[in-house]
Structures are given as C-alpha cells and as structure tokens.
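Side chains are part of it too, since the values below use all heavy atoms of this structure and drop only hydrogens, waters and symmetry mates. Chain identifiers are assigned alphabetically (A, B, ...) following the order of the sequence lines, protein sequences preceding nucleic acid strands; residue numbering begins at 1 within each chain.
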Amino acid sequence: KAGVTQTPRYLIKTRGQQVTLSCSPISGHRSVSWYQQTPGQGLQFLFEYFSETQRNKGNFPGRFSGRQFSNSRSEMNVSTLELGDSALYLCASSQASGYNEQFFGPGTRLTVL
Amino acid sequence: DQQVKQNSPSLSVQEGRISILNCDYTNSMFDYFLWYKKYPAEGPTFLISISSIKDKNEDGRFTVFLNKSAKHLSLHIVPSQPGDSAVYFCAASELEYGNKLVFGAGTILRVKS
C-alpha cells in the first residue's frame with residue numbers, strides 16, 4: 001500500500017507570495033491533517049479535514065487555509081507569505097477522525113526569502 | 001502553554017539495553033496518546049498508541065505505559081538497537097477534537113553499539 005505523498009518536496013518563495021501544497025493520503029483514508037514543524041515551535045497542528053469538511057483548526061492566522069477533495073486529497077494554501085512561514089509542512093492521514101493512528105508524509109520544506 | 005512536555009532533550013543508551021523515554025501532560029481531557037519516531041528529512045513514523053482506558057500497551061520491542069493520576073506516560077524499547085537512534089515525539093489528543101495532535105518537543109535517542 002502506498003504511503004502518504006506530498007508535493008512538492010521543496011519550495012522557495014519570496015515574502016508576499018502565496019503557495020499551495022498538496023497531499024495524497026493513503027488509499028481508503030478519509031481524514032487528512034496538516035502540521036507545521038519549526039525549530040522554535042516544534043510540531044503544531046494546522047487543521048484537519050474529514051470527508052471534505054474542516055473538522056478542526058489550530059491557532060494559525062487566516063492566511064493559512066486548506067481544502068479536501070472528494071478523493072480525500074488535500075491542499076493547503078498560505079497567502080501573503082512571511083519569513084516566519086519557513087518550515088517543514090507535514091500532512092498526515094488516517095482512516096477516521098479520533099482515536100486513530102495518523103500516518104505522516106515526508107513533508108514539504110518551504111523556504112521564504 | 002506546553003500541554004505535552006518531554007523534559008529530556010536527549011538520551012544515550014548502550015545497544016541491547018532498555019531505552020525509557022518520558023512524557024508528561026497537563027490537560028486531563030487528553031484521552032489518546034501516541035509515540036512517533038522521526039529521522040532527519042522524513043515525516044514522523046507511528047510507533048505505538050494507548051487510550052486512556054488502558055495503562056499499558058505492547059507491540060514487539062515497544063511498550064507504552066500510562067499513569068493517568070500522574071499525567072505521565074513512558075515508552076520502553078527493549079532491547080535497544082542502533083537503528084532506533086532518532087527523535088521520539090510524544091503526542092496527545094482529545095476525542096472531541098478528532099485527529100488534532102498536541103506534540104511534545106521530542107527526545108533525541110542515541111543507541112551506541
């Protein structure tokens with residue numbers, strides 16, 4: 001069974017631009033969650049999508065948004081990029097929401113210059 | 001406000017011996033706990049989980065113990081192997097918040113051969 005895939009793996013953007021990251025979950029998984037990892041803040045939850053609906057949201061500004069498609073694939077978008085948005089963005093999928101092991105992709109390394 | 005704390009930034013263990021990684025939490029509403037292992041440039045890999053109705057869960061060389069009254073959990077790895085050298089993250093969630101995981105800062109485990 002293929003794992004969670006994320007594209008692109010690496011991305012360099014400049015301040016003020018916007019970016020879209022993509023995540024394909026494990027086949028049959030309906031929940032996709034996004035996390036941001038930085039050296040200073042560690043791993044922080046961004047949001048979770050389940051059956052195309054946002055189920056939960058973390059404490060991030062409205063510049064961070066996401067969506068999920070009917071095939072469970074998910075995208076996250078960051079608008080008006082800031083230097084502090086440089087991070088590893090991880091996507092995780094699970095079969096359902098709650099009391100479920102989540103399986104992570106390799107991440108997208110975003111650098112904002 | 002760190003709800004999940006891993007107070008030991010690093011741990012060094014001899015091959016074949018037991019590795020014990022510790023995690024404390026402050027939110028008594030957490031009812032599901034997970035351990036992940038992470039290698040550089042990869043996403044976290046799920047190791048083992050435990051729900052709050054149990055106090056122990058075992059999977060091969062990995063055992064997780066949960067002490068709800070102390071709000072403490074630990075991961076035991078027996079026997080430790082050099083390939084276990086990685087960063088270990090403790091994570092917690094509440095059923096109400098679906099798959100939202102709150103992570104600790106991580107502990108670097110080095111297994112010496």
Side-chain angles (χ1 to χ4, degrees), chain A residues 3-7 9-10 21 23-26 29-51 53-60 66 68 72 74 87-109, chain B residues 1-10 23-25 27 29-54 57 59-60 62 64 66 75 86-108:
Chain A
V4 178
T5 58
Q6 291 187 245
T7 56
R9 291 293 311 277
Y10 302 92
L21 312 181
C23 172
S24 292
I26 292 171
H29 285 194
R30 294 167 59 197
S31 170
V32 173
S33 298
W34 289 88
Y35 293 84
Q36 181 196 65
Q37 184 181 28
T38 59
Q41 299 297 319
L43 275 155
Q44 291 190 292
F45 173 80
L46 280 156
F47 27 66
E48 177 195 1
Y49 285 88
F50 180 72
S51 295
T53 302
Q54 187 180 84
R55 196 183 188 289
N56 288 290
K57 192 176 190 311
N59 294 325
F60 280 82
Q68 187 180 34
S72 294
S74 177
L88 179 66
Y89 289 88
L90 292 158
C91 160
S93 80
S94 66
Q95 291 184 327
S97 186
Y99 289 167
N100 266 255
E101 296 86 3
Q102 294 181 55
F103 298 90
F104 283 81
T108 294
R109 171 70 63 184
Chain B
D1 174 29
Q2 269 191 301
Q3 297 186 69
V4 178
K5 298 178 185 179
Q6 294 178 256
N7 292 319
S8 298
S10 65
C23 178
D24 297 295
Y25 60 96
N27 186 347
M29 299 303 291
F30 286 145
D31 50 14
Y32 189 61
F33 304 89
L34 308 90
W35 284 94
Y36 284 87
K37 175 173 75 173
K38 188 177 187 301
Y39 295 117
E42 294 183 13
T45 300
F46 170 75
L47 284 174
I48 193 168
S49 62
I50 187 168
S51 75
S52 59
I53 62 172
K54 295 185 174 182
N57 189 26
D59 184 0
F62 302 94
V64 56
L66 175 62
L75 174 69
V87 181
Y88 287 76
F89 291 95
C90 165
S93 69
E94 294 178 55
L95 181 61
E96 178 184 353
Y97 295 104
N99 281 342
K100 175 184 177 181
L101 294 179
V102 179
F103 281 89
T107 297
I108 300 170

Legend entry - Interface moiety of L95(B) toward chain A, non-hydrogen atoms closer than 4.5 Å: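 L95(B) touches chain A through backbone and side-chain heavy atoms alike.
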Inset, instruction - Please state whether the side chain, the backbone, both or neither of S93(B) comes within less than 4.5 Å of a heavy atom of chain A. - result: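 Contact with chain A: none, neither part.
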Inset, instruction - Mind listing the closest non-hydrogen atom pair of F46(B) and E101(A) along with its distance? - result: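 Answer, listing the atom of F46(B) first, then E101(A): CZ-CG, 2.9 Å.
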Inset, instruction - Search all heavy atoms of S97(A) against all heavy atoms of G98(B) and return the closest pair with its distance. - result: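 Answer, listing the atom of S97(A) first, then G98(B): OG-CA, 3.4 Å.
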Legend entry - Within 6.0 angstrom of Y97(B) OH, more than 12 heavy atoms from elsewhere: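 Count not over threshold, so no.
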Who among [options] has the most heavy-atom pairs with chain B under 4.5 Å?
options	result
K57(A), R109(A), E48(A), Q6(A)	E48(A)
Q44(A), Q37(A), Q41(A), R9(A)	Q37(A)
A92(A), S31(A), P106(A), C91(A)	P106(A)

Could you check which of [options] has the highest count of heavy-atom pairs closer than 4.5 Å to chain A?
options	value
D31(B), V102(B), T45(B)	D31(B)
E42(B), E94(B), K100(B)	K100(B)
A41(B), A91(B), A105(B), P44(B)	P44(B)

With a 4.5 angstrom heavy-atom cut-off, which part of [X] approaches chain B: side chain, backbone, both or neither?
X	answer
A96(A)	backbone
L88(A)	side chain
N56(A)	side chain
L43(A)	both

Legend entry - N99(B) backbone acceptor or donor facing Q102(A) side chain under 3.5 Å: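 Such a contact is found between Q102(A) side chain and N99(B) backbone.
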Inset, instruction - Look at the side chain of Y35(A) and the backbone N and O of L101(B), then say whether any donor-acceptor pair between them is shorter than 3.5 Å. - result: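 It does hold such a pair.
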